[in-house]
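Step one of this worksheet: look at the structure below.
One-based numbering, in listed order, for ligands and for the atoms of each.
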Amino acid sequence: MKPPEARGLSVLLVEQNLHLRKVLVEALQGRGHVLTVCEDTESAWEAYRREHHPLVVLGVQDRRDDVIQFGHRIRSVPEGSSSVLLYVVEHRRARPLQPLLEVADDCLTKPLDPDLLQMRLLAVERLAAERAQRRAAEAERARLQKDLQALQGSAAGATAAGHEDDGARSEPHGPSGFRGKVWRLFGGQRETEEPPGNGKAFPSGPSNEAGMAPFAQVLPELARTAQPQFDEAADAPELRVSDGWWDWDLSANTVTFSPQWKAMLGYRPEDIGNTPEEWFKRVHPDDRDQLKATIAAHLDGRTPHLENQHRIEKRDGSYASMLSRGLAFRDTAGRPVRVTGSHTDITELRGYDPLTGLPNRGNLMERLGRALDRARSGNGGVSAVLFLDLDRFKNINYSLGHRVGDEMLKAVSTRLRSCLRGQDSAERRGTTVAHVGGDEFAVLLEGIRESSDAVRVAKRIQDELQAPFDVEGHEVFTSTSIGIAVSSPDYERPEDLLRDADTAMFRAKALGKGSFVVFDAGMHARAVSLLKLETELRRAVQREEFRVHYQPIVELETGKIAGFEALVRWQHPDGELLLPKDFLTVAEETGLIISIDRQVARDVCKQLRVWNAQFRRSSPVTVAVNVSGVQFLRPDMIVEIDRTLRNYGVYGRSLKLEITESVIMEHARYAADMLKQLKALDVKLSIDDFGTGYSSLSYLRRFEIDTLKVDMSFVSRMDTDDESWEIIRTIVTLGNNLGKDVVAEGIERGKQRELLLALRCKYGQGYFFSRPVDADAATALLVADARGETLLKS
Ligand code: C2E
Ligand code: MG
Ligand code: MG
């Protein structure tokens, strides 16, 4: 979820100094806010009382405390608690900071640093958004409460009461009533393009809505997350402001940490005490020394101010990247007496993944980009990207829960980091382990000699990750599939290298768990053509480019047509008629097969209706339709088939479903249930490709199956290979004993028909009789059949 949209807030700016005012106005307008600018607190109060601005920016002159008092005044009204107060202070203030910290949500120091200003504004905007949401949720709750009371209690006039605060807010107002100097300024483009407040032009509209409008859209969402308890807050970090304060009293050696900072780390205010250790102990061990050194350097007077980025552990064990800035206050002798500063969560800016603390995808791309640049300028050597995917990680998430899944990812990160640490040699410039999303990691190896170096690293990683993980008391095993792409001058963009490593990883997955594959150019071509196929297939589904061909199933003895098998064809717009082997795999992987099978079933039922009316036969024509495993595993399949049959007025018994042996046997329990329901529709059932899987005899007996289809591979070899003949003999005997029809597929020669007849196999299908043909040709075959002509060749 994105952070709530905080732009277009109604902001009250109080600043005397002309120059500073200009800077602040520009910054605030640049961020799309609507400003009310006041020179003094008197007129500011007037403005605030009417509008209750969600954000108030206050400049504090060195010798004037009235602005701090103004903050308290705001806080004294009920609405004031949700306004965000951002103070701009002189950083050499000699006076204690405490009064300011009591009322301020955040502070900026003069002279203004433009970057810091933007960052702070972002932070206070978020806070304002969060508070507005909370307020709105509270109002909503109050309203519901009221409605409830109205329903329960005294009926007198309690129904549909207007919302009090709406009434107060919609009171018309304008700048005319203000004393002192007050300006009303709209943010940036909004001024010309679209007046704020849902098209109600200032000044007549309730301008507070200008700031509220975006939040209203997220209200329903918020109603659920409205109480920012700290535990839940971990699930909705975007609702929290990302800035905090600290104030270190050096003589007492105590630090006041702001509640925001504690909340940023997932703690309640009382969870963290006021010793410096509370801070340092949470800092990542690799970053702790440099943080302390930075602070020491500033206290010693070696740096004008303090600035440090470090990773800090949150309550949930994940790491945030923190930017800490600070300034020492010194006594007359120049000795530091206190240090005060800020904490800004820059996890996203900095490019680290919060869960694992590893560089994220963007960060990796930057490093890879630099490596490629160096290689191009001739002094970088070769780089390789290893794309890692944990096999069956989803199972861990599903079976043990997301918490364990997260812990697992952290454990993997740690192990990856330690197994790659210290591997850099003189020629190896660096190794980066990144978390690129979900259960996917990437390793960038810079300055390797050849791809075999990368292969060696891949193997080591696979070995390391194979050992069991102890995650919250669970012993978890994983294997890792790795794709490797090695840089070459052909690569211009870092994303391409990562993409190719990803493609290779997919191939590795296909080879089996725990494999690795080095990318080659052919793979890219295949990946591209697969993607193209998928795109075209989607379009084909929309445009209904699929045709059904019919292949007769004949009585082997007489050559009379017993029915047909429907086989799908894709009439590609470029003129080619494509066979299932060209597109079925992609159709199944993408789920498009469901729509395709739906179209086939519909066309078949349409055709059956025509044939049943046209041909009066002793037994009506049946058509067998192939059902993909994907569809068979959908519980709504039954309903859909029932609907199609009804739509076209076709009896269930005219339709036969072909389901492959493996799908049925792998999901035996479910299949038994499905088959029973299909039987209730009187639909006939056939097991396709029989003999290729492992059928349990007991299932076969129990399942309500009408037909076994002997797989073509046995039929094609039966006249030369004894074993195939033997298998067919067994299947036919089995079928005859269980009272099921047996259809032999793929009969191409007369000899095969004779052998099958000798085995007492009753039905057959194959090029010997007819190839699959379109509906018209199939109709012609039925006409001939009705005339007594048979499909037997002399
Ligand atoms: P299948 O269900 O085993 O279909 C039999 C396949 O063998 C068909 O290939 C058919 O054209 C081919 N065939 C029939 N007689 C002979 C013969 O004498 N010699 C040889 N060499 N081949 C013969 P096709 O049409 O290419 O279909 C291949 C597979 O695609 C089918 O195997 C079926 O599993 C699947 N399929 C076809 N149509 C559909 C459909 O509408 N939906 C789904 N889900 N799968 C389909
Ligand atoms: Mg079939
Ligand atoms: Mg088959």
What are the atoms of ligand 1, with element, lying closer than 4.0 Å to any heavy atom of [X]?
X	result
Gln551	14 (C), 15 (N)
Pro772	11 (O)
Glu748	17 (C), 18 (O), 19 (N), 20 (C), 21 (N)
Asp689	3 (O)
Glu745	1 (P), 3 (O), 4 (O), 5 (C)
Val600	41 (O)
Ser628	44 (N)

Glu588 to ligand 1, any heavy atom closer than 4.0 Å: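 Glu588: no contact with ligand 1 (<4.0 Å).
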Sub-4.0 Å heavy-atom contact, Arg569 with ligand 1: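 Yes.
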In terms of side-chain geometry, is the basic nitrogen of [X] or [Y] positioned less than 4.0 Å from the acidic oxygen of its partner?
X	Y	value
Arg539	Glu544	no
Asp673	Arg669	no
Arg569	Asp774	no
Glu661	Lys709	no

Partner residues of Arg415 under the salt bridge (Lys or Arg N to Asp or Glu O under 4.0 Å) criterion, sequence neighbours left out: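 Here no residue qualifies.
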Proximity of Asp688 to ligand 1 by residue part, where a heavy atom lies under 4.0 Å: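 It is the side chain that gets close, since no backbone atom is under 4.0 Å.
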Under-4.0 Å heavy-atom contact with ligand 1, by part of Val625 that carries it: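 It is neither part, as no heavy atom is under 4.0 Å.
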Plane angle bin for Phe546 and Trp570 - parallel if under 30°, tilted between 30 and 60°, otherwise perpendicular: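 Plane angle between 30° and 60°, so tilted.
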Lys/Arg cation over aromatic Phe615: Arg617, 6.0 Å, 45° cone: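 The answer is no, since Arg617 fails at least one limit relative to Phe615.
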Contact list for residues 578-599, test side-chain hydrogen bond (donor to acceptor under 3.5 Å, both in side chains), sequence neighbours left out: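 Those involving residues 578-599 are Arg598-Glu640.
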The Mg ion (ligand 2) - name of the N/O/S atom of Asp688 that sits closest to it: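 Result for Asp688 and the Mg ion (ligand 2): OD2.
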Identity of the N, O or S atom of Glu658 lying closest to the Mg ion (ligand 2):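 Result: OE1.
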Test applied, side-chain hydrogen bond (donor to acceptor under 3.5 Å, both in side chains); reference residue, Thr707; option that passes from Lys656, Lys684, Lys740, Glu658: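 Of Lys656, Lys684, Lys740, Glu658, side-chain hydrogen bond (donor to acceptor under 3.5 Å, both in side chains) with Thr707 is met by Lys656 alone.
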Option of least heavy-atom distance to atom 42 (N) of ligand 1 (set: Asp597, Val568, Val715, Ile747):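 Of the listed residues, Asp597 has the closest heavy atom.
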Proximity winner for atom 12 (C) of ligand 1, if only heavy atoms of Gln765, Lys709, Lys581, Met712 are counted: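 Residue with the shortest heavy-atom distance to the ligand atom: Met712.
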Glu565 atom OE2 and Asn626 atom OD1 as seen from the Mg ion (ligand 2), angle to 10 degrees: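 That angle works out to 90° after rounding to 10°.
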Non-hydrogen side-chain atoms of Thr660 and Val627 separated by less than 4.5 Å: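 No. Closest side-chain heavy atoms not under 4.5 Å.
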